[in-house]
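Being a predicted model, the structure only gives us computed values, none of them experimental.
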Amino acid sequence: MNILVTGAAGLLGGEVCKRLADAGHRVTALVHNNPEVRANDGSLVDVATLKGDVSCEKLGWDQATCASVADGHDLIVHCAATVRFDLAEADYSSVNVDGVANVLALAEAGSMAFLHVSTAYVCGTRDGPILESDPLPASGFANGYEASKAAGERLVRSSPVRWAIARPSIVVGEHQSGRIRQFDTTYAAFKLIAEGRVRHMPARAGATLDFVPLDHVVRGIVAIASDMERAEGGTFHLVSGQPLPVERFTGVIGAYPQFHEPELVAPEKFDASMLPALERRLFKRVAGLYASYFQRDPEFDDSQFRAFVGASCPETGEPFIERLIDYCVEDGFLRPSDASA
């Protein structure tokens, strides 16, 4: 197939481009500010690139370019999104909602299929079993990112194009090596915690985290993209399905003598204003943005995805977290500091 991948310069998009090209598809990588498309190992991916901006109508192209792209591709894999948790509503809307509408319009113009990469956390803050077939909630989201991704999904579901939706959970490094090309989002908070700069986190008893290896997510996206006829109309959780209790996650961090295990505080007893000045600033700017994930217990069911591909996510748990940490240390992202003494 001829496949257009949006967000191709990003962590997920770059690896998706590589795996699709390796599978024999002809890939066009849509890039914006960063023109480089790299796989997770850092190597440049040998695919055609095209500059465009999903937040603009017709992606900022003239009519001739728009028509040429629409006619020249069979499928769009829409990875482009802003994944930060500290933006204004207008910023989320521009990319995660209007951006979806603009790319859907391109898909409709070219009668292309559309694979939308969303997030498992469009479920909002509810706990317990989360089915792939559950309806999208109208409210109850932890942040603007989740709300905007749910709004983007609604646009996809109401579109006349042939669509499928892939929902990763918390994407981290590769399963065997722990390798990840860029340390952002969750890793920023993880660094502050491990290095002892944020020593207290509000955490609810029974809360869990669903960390999913990057390679499992990418394999899933490629499998769905390669069989859109069968996937059409489906929603697929690309998750570990092995929720890890928060205290076991922080316990792995504390098992490293050079790192710091944070004190987990019941949310009703946590008062950020009482933290030391530096910790208070770092909590507010970074770690606190992820605090809600230490207070939730979603149980993501991936039955539809497992039936589609005939495989499950490989085992995660504490050994996987150790591999992630080991890679962070080897790469120099995590370092012991005075704060961890």
Side-chain angles (χ1 to χ4, degrees), residues 5 7-23 25 27 29 34 36-47 77 79 81 83 115 117-121 166-191 193-194 208-226 236-244 248-249 252-253 255-256 259 290 293 300 302 305-306 308-334:
V5 179
L11 172 68
L12 193 59
E15 186 67 11
V16 166
C17 285
K18 179 183 186 302
R19 300 289 185 97
L20 286 171
D22 288 349
H25 300 291
V27 177
N34 179 7
E36 292 187 340
V37 179
R38 293 187 178 272
N40 192 48
D41 64 5
S43 63
L44 284 169
V45 181
D46 186 16
V47 294
V77 179
C79 296
V83 296
L115 174 51
V117 180
S118 184
T119 172
Y121 287 92
R167 288 178 175 169
S169 52
I170 304 171
V171 181
V172 289
E174 294 176 1
H175 183 258
Q176 286 300 319
S177 65
R179 179 173 57 196
I180 195 163
R181 178 168 61 86
Q182 58 193 55
F183 302 98
D184 52 15
T185 60
T186 307
Y187 278 84
F190 173 51
K191 180 179 176 69
I193 292 170
T208 61
L209 300 159
D210 190 290
F211 294 114
V212 63
L214 172 67
D215 43 337
H216 177 67
V217 173
V218 174
R219 277 195 299 267
I221 291 172
V222 171
I224 297 166
S226 299
F236 303 97
H237 279 162
L238 307 185
V239 300
S240 76
Q242 304 159 62
L244 183 69
R248 285 170 55 188
F249 167 62
V252 175
I253 299 172
Y256 285 73
F259 297 132
Y290 299 87
Y293 295 89
F300 297 117
D302 62 348
F305 175 69
R306 286 186 284 109
F308 186 85
V309 299
S312 302
C313 180
E315 186 175 355
T316 54
E318 286 96 335
F320 176 52
I321 302 301
E322 290 172 0
R323 293 196 295 274
L324 296 175
I325 294 174
D326 290 344
Y327 181 80
C328 290
V329 172
E330 292 165 10
D331 190 77
F333 176 71
L334 285 183

Could you measure the distance from the OG1 atom of Thr185 to the OH atom of Tyr290? Nearest 0.5 Å is fine. 5.0 Å
side-chain contact (heavy atoms from CB on, under 4.5 Å) with Arg219: of Ile221, Val217, Val222, Asp215, only one passes, and it is Asp215
Can you tell me how far NE2 of His25 sits from CG of Leu20, rounded to the nearest 0.5 angstrom? 5.5 Å
So if I apply the ring pair (Phe, Tyr, Trp, His ring centres under 6.0 Å) rule between Phe211 and each of Tyr293, Phe249, Phe300, which one comes out positive? Phe249
Counting distance only, does the side-chain N/O of Arg181 pair as donor-acceptor with the main-chain N or O of Gly10 below 3.5 Å? yes
Between Gln242 (side chain) and Pro314 (backbone), is there a donor-acceptor pair under 3.5 Å? yes
Of all heavy-atom pairs between Gly173 and Tyr187, which one has the smallest distance, and what is that distance? N-OH, 3.1 Å
Do the non-hydrogen side-chain atoms of Val171 and Leu214 ever get within less than 4.5 Å of each other? yes
If we only count heavy atoms from C-beta on, is the His175 to Phe320 side-chain gap below 4.5 Å? yes
Nearest 0.5 angstrom please: Ile180 CD1 to Asn40 CG, how far? 6.5 Å
Is there a side-chain contact between Phe305 and Val239, using heavy atoms and a 4.5 Å cut-off? no
Nearest 0.5 angstrom please: Leu324 CG to Ile253 CD1, how far? 10.5 Å
Please report the shortest heavy-atom distance between Cys328 and Phe183, naming the atom on each side. SG-CE2, 3.8 Å
Identify the two heavy atoms, one from Val47 and one from Val27, that lie closest to each other, and give their separation to 0.1 Å. CB-O, 3.6 Å
Please say which of Glu330, Glu15, Glu174 ends up in a salt bridge (charged side-chain N to carboxylate O under 4.0 Å, His left out) with Arg179. Glu174
Looking only at heavy atoms, which two atoms of Ala166 and Ile224 are closest? And how far apart? CB-CD1, 4.3 Å
Taking atom CZ of Arg248 and atom OG1 of Thr208, what is their separation to the nearest 0.5 Å? 10.5 Å
What's the shortest heavy-atom distance between Ala311 and Arg306, and which atoms? O-CG, 3.4 Å
Quick one, Val329 with Phe259, criterion side chain to side chain contact (heavy atoms under 4.5 Å, CB included). Give me CA distance, side-chain angles, the key distance, then yes/no. CA-CA 11 Å; Val329 172; Phe259 297 132; 3.8 Å; yes
Walk me through it: do Ser240 and His216 pass the test side chain to side chain donor-acceptor pair (under 3.5 Å)? CA-CA 8 Å; Ser240 76; His216 177 67; over 6 Å; no
Short question: side chain of Asp210, backbone of Gly241 - any donor-acceptor pair under 3.5 Å? yes
Smallest heavy-atom separation, Arg38 atom then Val45 atom, equals C-CG2, 3.7 Å
Are side-chain heavy atoms of Tyr256 and Ile325 found at a separation under 4.5 Å? yes
Find the distance between OG1 (Thr119) and CG (Leu238) and round it off to the nearest 0.5 Å. 10.5 Å
